[in-house]
Amino acid sequence: MSCNCLALDFGASSGRIMLGKYDGERIDLLEIHRFPNEPVVLHKRVYWDFLRLMHEVKIGLKKASNLNIKIHGIGVTTWGVDYGFLDKSGNLMQNPIHYRDNRTYGILEKIEEFASKEDIYKSTGIQYMNLNTLYQLISDKEIRYDIYEKAENFLMMPDLFNYFLCKIKKNEYTEATTSQLLDPHTKNWDYELMDRLKIRKDMFCEIVMPATVIGKLTDELEEETGLYDVNVISVAGHDTASAVAGAPIDDENSAFLSSGTWSLIGKELKEAIISDEAMESGFTNEGGAEGTITYLKNITGLWILQQLKKQWEALGEDVTFQSIIEASRCEIDKGFSIDPNSEEFSFPKDMGEAISNHCEKKGQGKPKTLGELASAVYNGLASQYKTAVLDLEKTTKTKINTINMVGGGVQDELL
């Protein structure tokens with residue numbers, strides 16, 4: 001049986017719509033549409049431009065329609081943790097706030113009177129990161145109180161796109177696990193934890209597993225795009241889960257490294273590992289495509305190089321990723337190295353200055369050229385990957401012989 005499906009893949013810096021053509025034996029991929037995904041800063045808040053992204057989706061669907069082939073299904077993947085609120089009429093109440101927004105700084109201290117960091121990890125298996133949905137919602141109770149209290153539904157980013165494609169409200173499993181509000185054993189919302197943290201329970205929707213057909217394109221979109229009778233499928237909505245599902249992992253001695261704006265390194269397991277050792281090593285237990293656990297460590301990835309490139313381009317320099325690679329090769333042994341997970345690299349006004357100051361504080365001197373700055377990033381990433389592999393071996397009690405690398409970072413030979 002042959003079929004044609006559209007993959008709507010939203011990354012933290014760009015998006016694309018891919019056509020997958022399956023003839024019964026082989027999948028051929030064709031890029032239909034690609035577009036930037038730029039965060040918007042307004043009144044010191046950082047937002048995703050959801051309306052623009054939906055506009056790009058419709059452009060891509062029209063392009064697919066012009067191919068004059070039957071499209072059987074559409075699936076959406078995005079980054080984790082972020083979400084939008086719908087009102088009682090199904091309208092988006094505000095653009096989703098970007099996980100790099102600083103509104104969650106200091107939230108952990110505020111909630112420790114209700115639940116400790118250790119208690120939350122034991123309940124969810126998700127590592128503490130101040131960008132997690134849990135901490136964003138606690139912040140919303142303060143800075144977006146009116147929206148939070150009046151919201152009818154909470155939808156994470158893949159769910160939000162699915163809703164505006166088919167008008168069905170569901171929360172997808174793999175994406176929901178990134179919220180730090182899901183029980184990894186029952187694979188359902190942890191309502192007891194929500195009660196302890198005084199988070200509203202009534203706005204959360206039913207959890208559905210990957211590969212669930214949730215509806216059809218709306219009549220409005222059918223008319224606008226020319227695509228008819230197309231299933232909207234709730235796939236593994238968290239892009240990491242989809243990437244891991246596509247990685248050629250052979251055995252328990254293999255690890256994955258999904259390298260893009262974020263670096264995620266770990267293993268696919270049948271059961272979550274929720275131990276003091278796992279928590280202290282910074283591992284998280286996220287949902288996998290077939291109900292599995294993607295046991296991994298989050299490391300800030302190529303985001304830093306992306307911002308460095310953008311900054312130099314703004315100065316009028318002709319900078320490509322290849323030129324960054326070549327410039328770094330000459331400087332890689334100078335000893336500059338950053339901790340890419342440091343908060344100072346989350347959303348600085350000047351990424352080059354942040355890297356330079358970080359190295360100086362560590363007693364390495366002050367990198368200045370593009371090659372020196374970028375080499376500090378490469379060395380920092382490599383160091384973090386090494387530590388992650390060693391910690392992975394320690395916490396899973398297995399030897400890692402192979403790293404299967406997937407994502408945009410595969411194109412970076414130096415990395």
Side-chain angles (χ1 to χ4, degrees), residues 1 3-10 15 17-20 22 48 50-51 53-54 56-58 60-61 64-65 70-93 96 133 151-179 181-182 186-189 201-243 245-246 286-292:
M1 175 183 174
C3 68
N4 305 306
C5 290
L6 295 177
L8 280 55
D9 177 28
F10 296 91
I17 297 179
M18 304 290 292
L19 170 65
Y22 179 62
W48 296 106
F50 181 78
L51 299 182
L53 294 177
M54 274 305 302
E56 298 290 354
V57 167
K58 291 195 284 186
L61 297 186
S65 176
K70 171 60 181 173
I71 301 297
H72 298 88
I74 295 174
V76 179
T77 68
T78 79
W79 58 95
V81 306
D82 290 338
Y83 55 90
F85 290 124
L86 300 181
D87 65 16
K88 291 182 179 180
S89 299
N91 298 309
L92 182 64
M93 299 178 73
T133 311
E152 183 73 9
N153 297 109
F154 161 95
L155 294 177
M156 299 192 76
M157 293 305 295
D159 312 322
L160 200 60
F161 284 107
N162 286 337
Y163 171 73
F164 282 101
L165 288 170
C166 69
K167 287 300 177 76
I168 303 294
K169 304 168 187 174
K170 301 290 183 183
N171 290 131
E172 186 274 323
Y173 163 69
T174 68
E175 184 77 5
T177 62
T178 72
S179 70
L181 287 168
L182 199 89
T186 66
K187 295 180 171 57
N188 203 351
W189 295 116
K201 298 181 295 186
D202 57 313
M203 59 184 171
F204 292 85
C205 301
E206 176 193 5
I207 298 284
V208 295
M209 298 304 289
T212 301
V213 177
I214 56 174
K216 300 277 189 182
L217 276 185
T218 64
D219 294 343
E220 177 187 351
L221 282 176
E222 285 186 337
E223 184 177 347
E224 188 172 353
T225 65
L227 292 177
Y228 295 90
D229 191 31
V230 180
N231 288 321
V232 177
I233 305 166
S234 188
V235 299
H238 188 209
D239 51 11
T240 301
S242 280
E286 296 176 351
E290 296 181 318
T292 59

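In this text the structure is predicted, and so the values were computed from the model without any measurement.
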Taking it one step at a time, do Leu165 and Val76 satisfy side chain to side chain contact (heavy atoms under 4.5 Å, CB included)?
CA-CA 10 Å; Leu165 288 170; Val76 179; 4.1 Å; yes
Which residues pass the side chain to side chain donor-acceptor pair (under 3.5 Å) test with Lys70, not counting sequence neighbours?
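Lys70: no side chain to side chain donor-acceptor pair (under 3.5 Å) contacts found.
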Test side chain to side chain donor-acceptor pair (under 3.5 Å) applied to Thr292 - qualifying residues, sequence neighbours left out
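For Thr292 the side chain to side chain donor-acceptor pair (under 3.5 Å) partners, ignoring immediate neighbours, are Glu268.
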Got [X] and [Y] here, is their nearest side-chain heavy-atom distance under 4.5 Å?
X	Y	answer
Asn4	His72	yes
Thr78	Glu175	yes
Thr77	Leu8	no
Ile168	Val232	no
Leu227	Leu6	yes
Ile71	Leu19	yes
Glu290	Pro210	no
Lys201	Trp189	no

Pairs flagged by salt bridge (charged side-chain N to carboxylate O under 4.0 Å, His left out) wherever residues 158-168 is involved - sequence neighbours left out
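Every candidate salt bridge (charged side-chain N to carboxylate O under 4.0 Å, His left out) pair involving residues 158-168 fails, so no pair, neighbours aside, qualifies.
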Can you list every salt bridge (charged side-chain N to carboxylate O under 4.0 Å, His left out) pair that touches residues 203-217, not counting sequence neighbours?
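Counting only pairs at least two positions apart or across chains, the salt bridge (charged side-chain N to carboxylate O under 4.0 Å, His left out) contacts touching residues 203-217 are Lys170-Glu206, Lys216-Asp229.
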Atom of [X], atom of [Y] and distance for their closest heavy-atom approach:
X	Y	result
Gly288	Tyr173	O-CE2, 3.6 Å
Asn153	Cys205	ND2-SG, 3.7 Å
Ser234	Val208	OG-CG2, 3.6 Å
Glu172	Gly237	OE1-N, 3.0 Å
Ile207	Ala176	CD1-CB, 3.7 Å
Leu53	Phe10	CB-CE2, 4.1 Å

Taking the side chain from [X] and the backbone from [Y], do they hold a donor-acceptor pair closer than 3.5 Å?
X	Y	result
Thr133	Val81	yes
Ser242	Asp239	no
Asp87	Ser89	yes

How far does [atom1] of [X] sit from [atom2] of [Y], to the nearest 0.5 angstrom?
X	Y	atom1	atom2	result
Met157	His238	CE	NE2	12.5 Å
Leu92	Leu51	CG	CG	6.5 Å
Tyr163	Lys169	OH	NZ	5.0 Å
Phe154	Leu86	CZ	CG	11.0 Å
Lys58	Ser65	NZ	OG	14.5 Å
Phe204	Leu182	CZ	CG	10.5 Å

Among Trp79, Tyr83, Phe161, ring-ring contact (aromatic ring centres under 6.0 Å, His included) partner for Trp48:
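Option passing the ring-ring contact (aromatic ring centres under 6.0 Å, His included) with Trp48: Trp79.
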Partners passing side-chain contact (heavy atoms from CB on, under 4.5 Å) against Ala289 (at least two apart in sequence or in another chain)
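Here the qualifying residues are Ala236, Ala245.
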For Tyr22, enumerate each residue passing the side-chain contact (heavy atoms from CB on, under 4.5 Å) test, keeping only those at least two apart in sequence or located in another chain.
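With sequence neighbours excluded, Tyr22 shows a side-chain contact (heavy atoms from CB on, under 4.5 Å) to Cys3, Ile27, given in chain and number order.
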Would you say Glu224 has more than 12 foreign heavy atoms packed within less than 6.0 Å of its CD?
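Count over threshold, so yes.
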